[in-house]
Amino acid sequence: MSKVAVVTGSGGGLGKGIAERLAKDGFKVVVNDINAEAVNSTVEEIKGRGLDVIGVQGDVSKKEHQFLLVQRAVEAFDRLDVFVNNAGIDVVTPFLDVDEEQLNKAFSINVNGVVFGTQAAAEQFRKQKTKGKVINACSIAGHESYEMLSTYSATKHAVKSFTHSSAKELAPYDIRVNAYCPGVAGTAMWDRIDEEMVKYYDHMKPGDAFREFSGDILLGRPQEPEDVANLVSFLASDDSDYITGQAIVTDGGLVFR
Ligand SMILES: NC(=O)C1=CN([C@@H]2O[C@H](COP(=O)(O)OP(=O)(O)OC[C@H]3O[C@@H](n4cnc5c(N)ncnc54)[C@H](O)[C@@H]3O)[C@@H](O)[C@H]2O)C=CC1
Ligand SMILES: CC(=O)C(C)=O
């Protein structure tokens, strides 16, 4: 029997790489994104390879959307085994300019989204009385706190904390909760960070922030979605059954924890 995985924010970037990998691993996959076009194009690509996939548009910051997402997954594929809370947004601002709107938006997507996704998945796992896995997108910014990325870093520290506490509360139900902490991957998120940094630093050109951040990576190259998907594939598999409550860094050697 095939297992079923939901991946939020998988219309592009790291989430798309994760959805593709889990489909290749044999999971029936539910692609979710706030962007309906992106959902459709990822679904078509995965379907084109003969793999089992459906798409569900939704906003992870809305609790009812997260519960509906799990409901749609179960209607389509009869069960749920893995829920990847991948969707997230960046915020680039000097600390003194951080405002209420930015804080509310970043926390509602990056943190509330993870909480609601975990609750929705856990409810289904408990109903099924089966093992379940929740896998959260944290970041090196969940271990370090970066200049110009204070709000973003705070959201990822919160994701790490919810990973620890939910793992403790959900272990009695056979539910594991872990997080992957990527480093510097050249997705649309980094294009936006680059664009924003240029606005604040006269000496910077587009691409400089990405180059500076990735220049210190010991393994000598920025991260690819496949690098992240390798870790998520392991966390989704039975091979990681004895691991819970961990926020594991995958960054090519940049932050040491
Ligand atoms: N790119 C990087 O270097 C790193 C990324 N991460 C984290 O990995 C995750 C994925 O990042 P990327 O793929 O780089 O970002 P991205 O910006 O390239 O892709 C994020 C996807 O999430 C979707 N999304 C945004 N808000 C949403 C919402 N409210 N509901 C549902 N979907 C929504 C977007 O439409 C987009 O398709 C994020 O949580 C990010 O914080 C962590 C460390 C490094
Ligand atoms: C974008 C991100 O997660 C960083 C800078 O760690």
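Start at 1 and go down the list; that is how both ligands and their atoms are numbered.
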List ligand 2 atoms under 4.0 Å from [X], heavy atoms only on the residue side.
X	result
Leu149	5 (C)
Ile193	1 (C)
Ser139	2 (C), 3 (O), 4 (C), 6 (O)
Trp190	1 (C), 5 (C)
Ile140	6 (O)

Salt bridge [X]-[Y], side-chain N to carboxylate O under 4.0 Å:
X	Y	result
Lys129	Asp174	no
Arg192	Glu195	no
Asp33	Lys16	no
Arg257	Glu144	yes

Say whether [X], considering both its backbone and side-chain N or O atoms, lies within less than 3.5 Å of an N or O atom on ligand 1.
X	result
Val60	yes
Trp190	yes
Ile34	yes
Asn32	no
Leu14	yes
Pro182	no
Thr187	yes

Give the residue, atom name and distance (to 0.1 Å) of the protein heavy atom nearest [atom].
atom	value
atom 22 (O) of ligand 1	Gly9 CA, 3.5 Å
atom 3 (O) of ligand 1	Ala185 N, 2.8 Å
atom 19 (O) of ligand 1	Gly12 O, 4.4 Å
atom 29 (N) of ligand 1	Asp59 OD1, 2.8 Å
atom 41 (O) of ligand 1	Tyr152 OH, 2.6 Å
atom 20 (C) of ligand 1	Gly88 O, 4.0 Å
atom 17 (O) of ligand 1	Arg192 NH2, 2.8 Å
atom 25 (C) of ligand 1	Ile89 CG2, 4.0 Å

With a 3.5 Å distance limit and no angle check, can you tell me whether [X] reaches the backbone of [Y] through a side-chain donor-acceptor pair?
X	Y	value
Asn40	Glu37	no
His164	Gln246	no
Asp239	Phe234	no
Asn136	Val114	no
Thr244	Val177	yes
Lys133	Ser237	yes
Asp97	Pro94	no
Lys131	Phe125	no
Thr8	Asn86	yes

Self-check item: Between OG1 on residue Thr42 and CD on residue Glu20, distance to nearest 0.5 Å
Solution: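 Between Thr42 OG1 and Glu20 CD, I get 7.0 Å after rounding to 0.5 Å.
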
Quiz item: Counting both backbone and side chain atoms, is some N or O of Tyr146 under 3.5 Å from an N or O of ligand 2?
Solution: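 There is no such contact.
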
Quiz item: So between Val228, Asn86, Asp33, Asn85, whose heavy atom ends up nearest atom 10 (C) of ligand 1?
Solution: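 Residue with the shortest heavy-atom distance to the ligand atom: Asn86.
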
Can you tell me if [X] has a non-hydrogen atom under 4.0 Å from ligand 1?
X	result
Gly58	yes
Lys156	yes
Gly183	yes
Cys138	yes

Self-check item: ligand 2 contact on Val184 by region, counting heavy-atom pairs under 4.0 Å
Solution: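 The answer is neither.
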
Could you list the atoms of ligand 1 found under 4.0 angstrom from a heavy atom of [X]?
X	answer
Val184	3 (O)
Ala188	18 (O)
Ile109	29 (N)

Practice problem: Quick one: which residue pairs count as a side chain to side chain donor-acceptor pair (under 3.5 Å) with a foot in residues 70-82, not counting sequence neighbours? | Solution: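 Residue pairs with at least one partner in residues 70-82: Gln71-Glu75, Arg79-Asp81.
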
Quiz item: With side chains defined as the heavy atoms from C-beta onward, is the minimum distance between Leu218 and Phe256 less than 4.5 Å?
Solution: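 The answer is yes, as the side chains (C-beta and beyond) meet within the 4.5 Å cut-off.
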
Quiz item: Quick one: does Ile109's side chain get under 4.5 Å of Val60's, heavy atoms only?
Solution: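 They are in contact (side-chain heavy atoms under 4.5 Å apart), so the answer is yes.
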
